[in-house]
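Inspection log for the structure reproduced underneath, given as structure tokens.
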Amino acid sequence: MTANETIHPTAPATEIDASCKLPLLALLVGASIWLVIGSVLAMIAAIKFHAPDFLGACPLLTYGRVAAAANDALVYGFCLPASLAVIIWVFARLSQTVYALPLVPVVAAHIWHLGVFVGIASILLGNSTGFAWLEFPRGGSILILVAFVLIAIPTAATFGFRRDRTLYPSHWFLLAALLWFPWSYASANIFLVSMPVRGVAQGVIDLWFGNNLLFVWFSLVGLGVAFYFLPKLTGRPLYSYFYAQYVFWTLVLFGTWCGIPAGSPFPAWIPTLSNFAGYLLIVPVLGVLIITVKTLAGAPVTSSSDPTVAYFIAGLIAFIISGITLHLVAHNDQLARITEFTWFGQAQTQLQIFGFLAMILFGALYYILPRVLGFDFIFPKVTRAHFWFNLLGSVALVIPLAIAGYEQGSHAYNLDAALPALRVSSMGLLLILIGNLLFAGNVLAMFLSWKITLVKSIFSAVTSPLKAVEVKS
Amino acid sequence: MKTGLPVIFAVVLGLGGSTVGFVLAPAVQLGGVKQTTVLNSTDLYPPQRIGDATLGLQVYRANGCAACHTEQVRQEGVACDVVLTSAGKNPQAVSNLLATLTMTHLTKEAADTVADQLTAAGGKVETHIVPVGVDLDRGWGVRHSVAEDYVYDYPVQLGNLRAGPDLANIGVRSPDSNWHLLHLYAPASAVSNSKMPSFKYLFNLQKVGASPSPDALSLPSGFAAPAGYEVVPTTEARQLVAYLLSLRANQPVYDAPFTPPAKP
């Protein structure tokens, strides 16, 4: 328990947790199903590089559609709603008060998952917008935007009702994340879909959005959540408030400008500015490194301590690697030239999704869910197995993809040079898929057991013999 | 940062700043991009797309072709080639000089020196601007991509992975529509060892009627349709090929100058 939590909670922790139960379940049941669907689609896409005509007769499952659908199912189906679920709980706990209007996120969660379903179905049917990370056509994108805002409002209200007025570092990151997604998603959709700009400016806006979603938004959520849990689980205070402030500002000021490669067919100032921002990105990354090391130093991390710590450490290491690669690519023209347009970029994306954000979300959810539902996981041992599947899977996915990218780039984009490493990476994806099945199975089993208890209690209330109360005069 | 206000301030400054920089500014600067003129010519570039090609871009988008193909060419710089157009009145001197000189991939200064020497010997020379880079060596284009290349594209399909080749000037490299249809139907029949999935669903496999369809593909053995059947491209396949053939980024423009090969 950190200082933040021990300052006489106004509402008891059990009550706060219980108030988040329905929103969390509504978000997470759908999210874990999308996680499995996303990984299966990613697996289908990966197999197509081993056997190009695998499931090729069906237009719904052609590579271009499946690959986009897999990415969007993982990011919009799992990463965003699971992040929102964790944010809801962290905000309620930090505010030391029950979650405000819990039924609004329940409704919003259903709108969200409907939006993702519409979006994924549209992509598979060939109605994608054609913009990376913004593939959902209007029907899907409006639904998820509305749902996000509906979840952000009561969450911000819960923040407003906080008992301790002082902000904790996680507040900054998560509050910024709540503001940033609707802002960037709406801006990008307005300029690309509603009132499309002409010509190559579309490319700039699409790259800007992709970086802001996958790097900035993911980092805001991942770091915000990790800075909450790391001190809590290790029993050591966050080192330190000022480093965290430093990371927050530099991430927001530099990170948001990254992601536009040198040599793109845009006016030269755009990639130049972006490259400079990427160069400066080393500042927040070093900040995170210092925070991680100094917060953990001296903490009794043993196998007997809470196993969820490992998720946060692995996630933060992934963030540091990811940030350093972005910096190196911006810094080194030679490396940038070799890795551009190769699997290297896919490696960075997968590292952000599985290595960093999903890892931290899994850790957080394994901590949160038993507390919120009031009973332990149905398969508690599986949570630890999932860690190893996700960790080894991420390593076996990302490193071979990066090697494949480097080989491909060094051989003038010859795919044959990349294929051996690409094949290894599919094994990593398979491990991640198994891990995700374990996670989804655990969450769904928990949901079912909660539902059964609920139905039983309703049933017993309905069928219990009514005690006759008569007025006897 | 004890209250929420600095957080809002950070968001407005950082995130809002980048929105202005990378959304609004490009929209203003590039949103009005128009056709440009080809260097040393009055021709306009790019030419307006024909209807089938415009529809073909939607087939390209719907099938996610950009997952594996980019439409943007990189260039590392330019070099100068000195080309002798006439040996002049003293061919022996020029020929002797030529044996000692490097004529290609020179800097501007070196090219000027070589040109001066050859002119002094009586030869007539031209200095050609030659773009250089890995993409260009590979044959994927003749210059780097510029904003004008995408004037008529919606959505712009820049792509970010080259599992397959870049397509910025595929219409120049492979101008034969039949080759494209064959390649879409059975990639391995056109490019050995191709990892591209087949787009058979853009073709109809139909029984040969009273007379064979004039549009039927003539497939090489090993890929041929079963006896009594023929493979006929759908409208979508034709539109997609029309779009691919319209990708011809091969004109020198102000942002990407080069000396085009002399017209015969």
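Residue numbers begin at 1 in each chain, while the letters A, B, ... track the order of the sequences.
The shortest side-chain heavy-atom distance between Phe209(A) and Val23(B) does not fall under the 4.5 Å cut-off. Between Pro265(A) and Glu148(B), every side-chain heavy-atom pair lies at or beyond the 4.5 Å cut-off. For the pair Gln202(A)/Tyr150(B), no side-chain contact is recorded, criterion being any heavy-atom separation below 4.5 Å from C-beta on. Leu161(B) has its side chain out of reach of Phe344(A): every pair of non-hydrogen atoms, C-beta onward, lies at least 4.5 Å apart. The shortest side-chain heavy-atom distance between Lys200(B) and Pro59(A) does not fall under the 4.5 Å cut-off. In this structure the side chain of Arg198(A) reaches within 4.5 angstrom of the side chain of Tyr152(B), judged on heavy atoms. You'll find the side chain of Asn160(B) reaches within 4.5 Å of the side chain of Gln346(A), heavy atoms only. Cys68(B) is listed as a side-chain neighbour of Phe49(A), based on a closest heavy-atom distance under 4.5 Å.
With respect to chain B, the highest number of heavy-atom pairs below 4.5 Å among Gly160(A), Ser274(A), Ala67(A) belongs to Ser274(A). Ranked by heavy-atom pairs under 4.5 Å with chain A, the list Leu13(B), Leu158(B), Val33(B), Leu15(B) is led by Leu15(B). Put simply, of Ala25(B), Gly164(B), Ala147(B), the one with the most heavy-atom pairs under 4.5 Å next to chain A is Ala147(B). By number of non-hydrogen pairs under 4.5 angstrom with chain A, the leading residue of Ala66(B), Gly16(B), Ala67(B), Ser18(B) is Ser18(B).
Although no hydrogens or angles enter the test, the distance criterion places a donor-acceptor pair under 3.5 Å between the side chain of Tyr154(B) and the main chain of Leu192(A).
Relative ring orientation between Trp269(A) and Phe22(B) is described as tilted, the plane-to-plane angle lying within the 30° to 60° band.
Scanning both residues, Gly14(B) and Trp257(A), for their nearest heavy atoms gives O-NE1, 4.3 Å.
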Test side chain to side chain contact (heavy atoms under 4.5 Å, CB included) applied to Glu340(A) and Arg162(B), step by step: CA-CA 9 Å; Glu340(A) 188 174 26; Arg162(B) 284 176 177 168; over 6 Å; no

Chi angles and distances behind the side chain to side chain contact (heavy atoms under 4.5 Å, CB included) call for Val197(A), Leu30(B): CA-CA 8 Å; Val197(A) 289; Leu30(B) 297 167; over 6 Å; no

Phe173(A)/Val7(B) under side chain to side chain contact (heavy atoms under 4.5 Å, CB included): CA gap, chis, key distance, verdict: CA-CA 8 Å; Phe173(A) 287 88; Val7(B) 179; over 6 Å; no

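Both the backbone and the side chain of Asn63(B) come within contact range of chain A, with heavy atoms under 4.5 Å apart. Heavy-atom distances place the side chain of Val134(B), and not its backbone, under 4.5 Å from chain A. Neither the backbone nor the side chain of Asp137(B) comes within contact range of chain A; no heavy atom of the residue lies under 4.5 Å from a heavy atom of that chain.
Note that OG1 of Thr19(B) and CG of Asn212(A) are 7.0 Å apart. Values are rounded to the nearest 0.5 Å.
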